[in-house]
Amino acid sequence: MDIRRRRILQLLGLSAAALTVKPVYDALAADPGAARPKLGPGREQLRAKQWVMVIDTRRFASEADVEPLIEACHRIHNVPRFELKRWEIKWIWATEYKHAFSGTSSDRFLAAAVEKRPFLVLCNQCENPPCVRACPTQATFKREDGIVMMDFHRCIGCRFCMAACPFGARSFNYTDPRPYLKHTNKLFPTRMKGVVEKCSFCAERLAEGKRPACVEAAGGKIAFGDLYDPSSEAHQWIRKNYTLRRKVNLGTEPAVYYIV
Amino acid sequence: MLEFAVKGSKRYFGWMIFLLGLIGVGFLVYLRQLDVGLGITGMNRDVSWGFYIANFTFLVGVAAGGVMVVLPYYLHDYKAYGKVTILGEFLAIASVVMCITFILVDLGQPMRVLNVLLYPTPHSVLFWDTIVLNGYLLLNLIIGWNVLEAERNGVHYQSWLKPLIYLSIPWAISIHTVTAYLYCGLPGRGFWLTAILAPRFLSSAFASGPALLILLCLIIRRVSHFDPGWKQIQSLAVTVAYAICVNVFFFLCEVFVAFYSQIPEHMDHIKYLFVGLHGHGAYVPWMWTAMALMALGIILLVNPVTRKNEGTLIVGCLAVFFGCWIDKGLGMISGGFVPNPLHEVNEYIPTLLEGLITIGVYGLGFFVLTVLYKIAIGVKEEVRA
Amino acid sequence: MKDKRWIVTGLVVFLLIVLFPFWYNRGRAVPPPEVKLTEKAKAEKECVLSRDYMKAEHMQILDLWRETVVREGNRIYTNPKGREFVMSLSNTCLDCHANKAEFCDKCHNYASVRPYCWDCHIENPKEAR
Ligand code: SF4
Ligand code: SF4
């Protein structure tokens with residue numbers, strides 16, 4: 001009796017599993033519409049092998065010089081502002097030299113001008129990004145043009161990427177950000193609670209032939225272009241000036257350069 | 001065999017109802033967390049993993065610790081452990097259940113968790129962690145259940161189980177190794193960036209897992225007719241004693257490397273934990289408590305007189321267990337995140353709500369453990385009678 | 001088989017619970033919703049693909065769009081008739097279907113599906129601009 005009952009239960013289980021086969025098969029074999037539509041980039045799409053930003057920090061003297069850039073970015077990307085520090089979200093912000101270059105800077109006897117200067121920090125769109133390595137779902141991935149992109153639809157919110165990023169570039173949505181938006185840019189989505197976000201070098205603007213919002217707001221104090229294109233302004237700035245990058249010793253190959 | 005779990009004394013049911021209560025409270029708070037988001041916890045932009053991941057890490061250790069009874073019995077034919085292997089395996093099951101639950105409650109978007117399998121990503125350690133943890137759960141379920149059933153029927157367990165049993169031994173090592181790799185492969189987190197992290201995790205696992213097992217055995221002796229055996233408990237105590245010594249030794253190696261080299265990125269995290277950094281030091285008392293507890297554990301367990309005395313043995317095991325919990329749970333995770341990559345100090349203090357969820361998950365784990373142990377004890381008592 | 005009584009009672013209770021929606025809603029048929037088109041949508045006559053396809057499979061096309069835009073960085077969709085669309089839920093779909101409540105929500109509510117698109121994508125970009 002006991003054995004038969006078990007047998008029946010096993011069979012029931014198996015048949016239940018078998019029932020799921022057909023829908024799964026159908027879903028996999030489905031034909032996506034008859035005639036083939038085409039998918040492609042827009043005509044204005046800007047291209048590069050690896051986008052880079054070169055920030056001429058000599059020309060940013062005080063908070064007043066960086067504020068408009070930060071504001072421009074956070075406004076068009078619907079980055080919320082929280083009273084609670086714990087929930088803070090930021091894509092680009094300013095900090096002191098010793099924090100921006102922690103680990104590779106000495107904070108003793110710095111040139112007085114450099115010591116006070118605001119340094120803009122943001123996701124470095126690393127050429128060898130540890131965040132991409134860590135992400136278990138490829139919600140963070142590297143695009144062909146070097147941008148380290150977030151797929152908010154896929155992110156499970158495990159925050160492994162935040163632990164992996166050595167630059168503190170990533171923020172997590174600890175709650176629904178919408179109620180904390182002062183203005184909303186209706187053309188750009190917000191985020192939902194439970195996903196990670198960061199700067200994307202304005203991928204959505206590059207698609208329309210525009211440069212990143214902060215670069216535009218900087219009025220020539222930041223160069224943007226293809227690292228590997230000798231004719232690009234960014235490449236030339238790097239060639240002509242002595243530049244620094246953050247924590248190069250970690251081998252992530254940041255794509256944000258600083259002229260000091 | 002499940003019938004053993006639904007029959008029991010008043011005390012048994014009282015305990016189960018108590019655990020259900022904890023689970024219920026935890027679940028209600030979790031519903032709130034689902035609604036509001038992880039903002040109800042103390043986690044922040046800088047310390048982006050907190051209590052949940054800390055307890056997860058600690059419990060992976062407890063799960064792996066079960067191998068300390070499985071290995072001598074199956075590999076070295078240490079017969080005495082025949083009585084307790086099932087307890088080790090079932091403890092592993094309950095711990096892995098808690099681990100998986102902790103991961104789930106830590107996710108920002110738990111509904112999407114299957115994305116990990118839908119888009120398998122071999123270069124992500126978390127992907128491998130998912131695989132080894134679930135695999136370990138499955139292995140222990142299959143092995144534990146079948147061996148116990150065979151014992152009940154008075155026959156030798158099926159021969160196809162043997163390879164699985166052998167596999168489960170390195171697998172136990174792997175779960176904790178992979179869990180350590182989650183941390184120690186990250187550039188720019190000086191506290192974790194050390195090759196000794198996996199060995200250190202394992203040593204504390206082999207201390208805290210068996211320590212808990214000893215305590216459980218002592219409880220079982222009191223509340224049931226099944227005696228796991230004083231000899232077995234003593235052997236386990238020796239394991240705990242050596243493992244905790246090794247754990248402390250590994251920790252001192254860390255301290256030496258960090259402070260002799262004087263590299264700030266490696267030193268500052270330890271400084272933050274033990275003496276405070278830039279005026280922040282919420283964990284200082286905790287870390288010293290952990291050190292004191294581990295020292296006490298070493299004294300009581302290495303010394304044969306106190307090890308053989310039940311009273312001091314209990315104190316020693318409790319000291320080891322909670323010492324490891326603070327050291328590996330609380331300190332290991334928060335310590336790695338403070339100071340942050342920009343060398344700023346933002347501390348993490350767990351909130352009451354995440355504490356309640358954590359207790360709920362422990363309630364779930366102990367519920368599973370009690371059911372499993374009830375079954376195991378039921379079988380043992382029946383076989384003996 | 002001395003437990004027969006209990007087994008049967010258990011089964012009956014189980015069935016009652018499982019079939020709750022059926023016996024609870026018996027005899028009450030909710031009419032299928034009529035979706036409203038905006039003037040702009042009416043004037044267009046056809047959506048990105050045929051009406052029937054869109055009715056049944058719009059979620060597939062949205063899924064394709066989001067994958068393509070986010071992951072491949074391609075933003076232009078050319079339908080089999082050669083017409084180009086910018087692949088954007090808020091800025092293209094809702095440009096015509098500006099009446100989300102009357103269009104999307106009606107059906108979704110009826111079918112009791114709750115897509116989380118709107119957690120991020122803004123409902124009607126045109127409205128407040
Ligand atoms: S800065 Fe951080 S988030 Fe950005 S690509 Fe590098 S590792 Fe990833
Ligand atoms: S939080 Fe999201 S993006 Fe980050 S690692 Fe997890 S799934 Fe990937």
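In the text below, chain A, chain B and the rest are named by the order of the sequence lines, each starting its count at 1.
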For this session: Dump the intermediate steps for side chain to side chain donor-acceptor pair (under 3.5 Å) on B:Tyr52 and B:Thr41, then the final yes or no.
Result: CA-CA 10 Å; B:Tyr52 301 146; B:Thr41 71; over 6 Å; no
For this session: Scan for salt bridge (charged side-chain N to carboxylate O under 4.0 Å, His left out) pairs involving residues 97-123 of chain B, sequence neighbours excluded, and state none if there are none.
Result: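 Output for this query lists A:Arg159-B:Asp106.
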Exercise. Relative to each other, are the rings of A:Trp87 and A:Phe82 parallel, tilted or perpendicular (30° and 60° limits)?
Worked result: perpendicular
For this session: Return the orientation label for the B:Tyr30 and B:Phe27 ring planes: parallel under 30°, perpendicular over 60°, tilted otherwise.
Result: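 Ring orientation, 0 to 90° scale: tilted.
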Max heavy-atom pair count under 4.5 Å with chain B, selected residue of [options]:
options	answer
A:Thr137, A:Leu250, A:Val195, A:Asn249	A:Thr137
A:Cys135, A:Pro136, A:Cys165, A:Gly194	A:Pro136
A:Glu96, A:Lys85, A:Lys90, A:Arg246	A:Lys90
A:Leu84, A:Ile156, A:Val196	A:Ile156
A:Gly168, A:Ala100, A:Gly251	A:Gly168

Proximal component of [X], with respect to chain A [non-hydrogen, under 4.5 Å]:
X	answer
B:Met111	neither
B:Leu34	backbone
B:Pro339	neither
B:Arg189	side chain
B:Phe337	side chain
B:Leu186	side chain
B:Val36	both
B:Leu117	neither
B:Asp46	neither

Problem set entry | Ion pair A:Arg86/A:Glu88, N-O distance below 4.0 Å | no
Exercise. Can a salt bridge be assigned to the pair A:Glu197 and A:Arg170 using a cut-off of 4.0 Å between side-chain N and carboxylate O?
Worked result: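 Salt bridge absent between A:Glu197 and A:Arg170.
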Problem set entry | Working for ring-ring contact (aromatic ring centres under 6.0 Å, His included), residues A:Trp91 and A:His74 | CA-CA 7 Å; A:Trp91 286 24; A:His74 286 180; 7.3 Å; no
Seminar exercise, completed: The ring pair (Phe, Tyr, Trp, His ring centres under 6.0 Å) partner of A:Phe119 among A:Phe101, A:Trp93, A:Phe60 is A:Phe101
Exercise. Which distance, rounded to the nearest 0.5 Å, do you find between the CE of A:Met192 and the CG of A:Asn173?
Worked result: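 Rounded to the nearest 0.5 Å, the CE-CG separation comes to 9.5 Å.
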For this session: Taking all heavy atoms of A:Lys193 and all of A:Thr175, pick out the closest pair and write down the distance.
Result: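 Residues A:Lys193 and A:Thr175, closest heavy atoms: CB-C, 3.5 Å.
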For this session: Just do the side chain to side chain contact (heavy atoms under 4.5 Å, CB included) check on B:Leu273 and B:Val338 with the steps written out, would you?
Result: CA-CA 9 Å; B:Leu273 286 177; B:Val338 183; over 6 Å; no
Exercise. For chain A, which residues of residues 142-154 of chain B have at least one non-hydrogen atom nearer than 4.5 Å to it?
Worked result: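 Within residues 142-154 of chain B, the residues that come under 4.5 Å of chain A (heavy atoms only) are B:Glu149.
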For this session: Kindly determine whether A:Asn124 and A:Thr252 satisfy side chain to side chain donor-acceptor pair (under 3.5 Å), including the steps that lead there.
Result: CA-CA 9 Å; A:Asn124 291 292; A:Thr252 72; over 6 Å; no
Heavy-atom pairs under 4.5 Å with chain A are the metric here; pick the option from [options] that has the most.
options	result
B:Gly185, B:Gly190, B:Gly188, B:Gly39	B:Gly39
B:Gly37, B:Pro264, B:Pro187	B:Pro187
B:Ser48, B:Gly336, B:Pro122	B:Ser48

Exercise. What part of A:Phe172 is in contact with chain B, defined as an atom under 4.5 angstrom from a non-hydrogen atom: side chain, backbone, both or neither?
Worked result: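 Interface part for A:Phe172: side chain.
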For this session: May I ask you to list the residues in residues 138-146 of chain A that approach chain B closer than 4.5 angstrom, counting heavy atoms only, ordered by number?
Result: A:Gln138
For this session: Run the numbers on B:Asp268 and B:His343 for side chain to side chain donor-acceptor pair (under 3.5 Å), then give the verdict.
Result: CA-CA 9 Å; B:Asp268 288 346; B:His343 213 277; 2.6 Å; yes
Exercise. Crowded around A:Phe152 CZ? As in, over 12 foreign heavy atoms under 6.0 Å?
Worked result: yes
For this session: Report, as yes or no, whether the 6.0 Å neighbourhood of atom CD on A:Glu83 holds more than 12 heavy atoms from other residues, nucleotides or ligands.
Result: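 Not more than 12 within 6.0 Å, no.
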Exercise. With B:His176, which residues qualify under ring pair (Phe, Tyr, Trp, His ring centres under 6.0 Å), at least two apart?
Worked result: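 B:His176 satisfies ring pair (Phe, Tyr, Trp, His ring centres under 6.0 Å) with B:Phe201 only.
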For this session: Indicate whether any N or O donor in one side chain lies under 3.5 Å from an N or O acceptor in the other, for B:Tyr283 and B:Ser334.
Result: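 A pair is found: one side chain offers a donor N or O, the other an acceptor, under 3.5 Å apart.
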Exercise. What do the steps show when you test B:Tyr348 against B:Trp49 for ring-ring contact (aromatic ring centres under 6.0 Å, His included), and what is the final call?
Worked result: CA-CA 9 Å; B:Tyr348 158 75; B:Trp49 279 335; over 10 Å; no
